[in-house]
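Here the structure comes first, spelled out in structure tokens, and everything after it is commentary.
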Amino acid sequence: QQGNVLDGGGFAGEDRTVSFHKLNCLFRALPTKYRTTPEALRIFMASDMWYDYAELHQGRQTDLGDSAYHGPLASRHFTTPIVPVALLPTNIRNCGCASLSAATGSFIFITEPSNLVLGIEKNITFERWRDAPRHLTWLIWTIRFDALVFNEDATAMIDCMQLDTCATACTPEALAEI
């Protein structure tokens with residue numbers, strides 16, 4: 001976290017969930033020399049947080065709001081594409097800005113894709129697993145990798161973000177009483 005880091009809870013009058021204002025500030029946190037071509041940048045966020053972003057559009061009285069409600073939403077903020085990343089963690093408890101009360105922390109960052117470096121952290125492993133009753137053989141492929149940012153100054157991040165809260169899950173006992 002050497003780059004341009006914003007606290008997700010540091011926006012006046014807002015909670016830690018995603019908002020248009022936060023994405024605007026994320027873009028402005030980049031130095032101007034890296035903002036010359038916003039189409040070349042990408043906003044990376046957890047896929048669960050992308051649903052919260054799409055929900056922001058659904059309430060708008062525009063054509064974009066209608067398409068977010070009835071069909072696919074263009075994954076972009078202004079001209080910068082948004083990439084939902086399925087494996088981005090959403091359960092970080094201690095982030096760089098503060099300790100979160102609930103285990104639903106995450107982050108959003110913006111950079112050029114060429115600024116990300118993926119490296120193999122562990123050798124690739126192939127394993128066989130045999131399920132005797134069904135006589136099936138599975139091949140399991142394991143690979144661990146690490147993602148690094150090459151130029152931290154060309155990256156901005158909003159840390160300590162949280163997902164929009166949903167209802168609590170009903171226990172089987174509670175459902176049996178209904």
Side-chain angles (χ1 to χ4, degrees), residues 1-30 41-59 68 72-77 80-113 115-125 127 129 138 140-175:
Q1 296 184 358
Q2 300 288 327
N4 310 292
V5 181
L6 301 172
D7 182 3
F11 294 85
E14 294 188 37
D15 58 7
R16 293 184 181 275
T17 60
V18 67
S19 69
F20 295 128
H21 176 67
K22 286 182 184 140
L23 293 177
N24 294 341
C25 291
L26 176 67
F27 187 73
R28 289 194 315 245
L30 280 175
L41 298 170
R42 298 291 182 272
I43 298 173
F44 297 92
M45 68 174 63
S47 57
D48 288 344
M49 192 166 285
W50 184 88
Y51 288 108
D52 294 343
Y53 171 76
E55 188 177 8
L56 291 174
H57 284 282
Q58 289 177 358
L73 174 68
S75 298
R76 60 181 61 246
H77 183 67
T80 305
I82 295 178
V83 179
V85 182
L87 297 178
L88 212 60
T90 57
N91 60 351
I92 300 171
R93 196 175 287 277
N94 294 317
C95 58
C97 298
S99 292
L100 301 175
S101 58
T104 57
S106 188
F107 55 90
I108 298 173
F109 67 99
I110 184 171
T111 191
E112 285 193 29
N115 195 23
L116 296 176
V117 179
L118 300 177
I120 294 177
E121 185 179 303
K122 184 179 176 183
N123 291 337
I124 301 171
T125 306
E127 301 174 74
W129 177 65
W138 292 71
I140 302 169
W141 182 35
T142 307
I143 182 173
R144 299 183 85 190
F145 71 92
D146 193 12
L148 301 172
V149 176
F150 181 69
N151 182 0
E152 292 173 348
D153 193 40
T155 304
M157 181 173 85
I158 302 178
D159 204 4
C160 301
M161 295 286 291
Q162 289 184 317
L163 298 176
D164 222 353
T165 56
C166 294
T168 57
C170 292
T171 62
E173 295 82 22
L175 292 174

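Along the sequence shown, residues carry numbers from 1.
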N/O donor-acceptor pair under 3.5 Å between [X] side chain and [Y] backbone:
X	Y	result
Asp164	Asp52	no
Asp159	Gly8	no
Thr90	Ser106	no

Q: Apply side-chain contact (heavy atoms from CB on, under 4.5 Å) to the pair Tyr53 and His77, showing each step before the final yes or no.
A: CA-CA 10 Å; Tyr53 171 76; His77 183 67; 3.9 Å; yes
Testing the basics here: between [X] and [Y], what is the closest heavy-atom pair and its distance to 0.1 Å?
X	Y	result
Thr155	Asn4	O-ND2, 3.0 Å
Arg16	Lys22	C-NZ, 3.6 Å
Met45	Val18	CE-CG2, 4.5 Å
Cys25	Leu6	O-CD1, 3.7 Å
Ala156	Ala29	CB-CB, 3.8 Å
Asn115	Asn151	OD1-N, 2.7 Å

Measuring from [X]:[atom1] to [Y]:[atom2], what's the distance to the nearest 0.5 Å?
X	Y	atom1	atom2	value
Met157	Ile108	CE	CD1	10.5 Å
Arg42	Ile82	CZ	CD1	11.0 Å
Ile92	Gln162	CD1	CD	11.5 Å

**Q.** Working for side-chain contact (heavy atoms from CB on, under 4.5 Å), residues Thr80 and Leu23
**A.** CA-CA 10 Å; Thr80 305; Leu23 293 177; over 6 Å; no
Q. Phe11: what forms a ring-ring contact (aromatic ring centres under 6.0 Å, His included) with it, not counting sequence neighbours?
A. His21
(Q) Can you tell me which residue among Ile158, Leu26, Val5, Leu116 is in a side chain to side chain contact (heavy atoms under 4.5 Å, CB included) with Phe109? (A) Leu116
Q: With sequence neighbours left out, write down each residue that passes side-chain contact (heavy atoms from CB on, under 4.5 Å) with Leu88, or none if nothing qualifies.
A: Ala46, Val85, Phe107
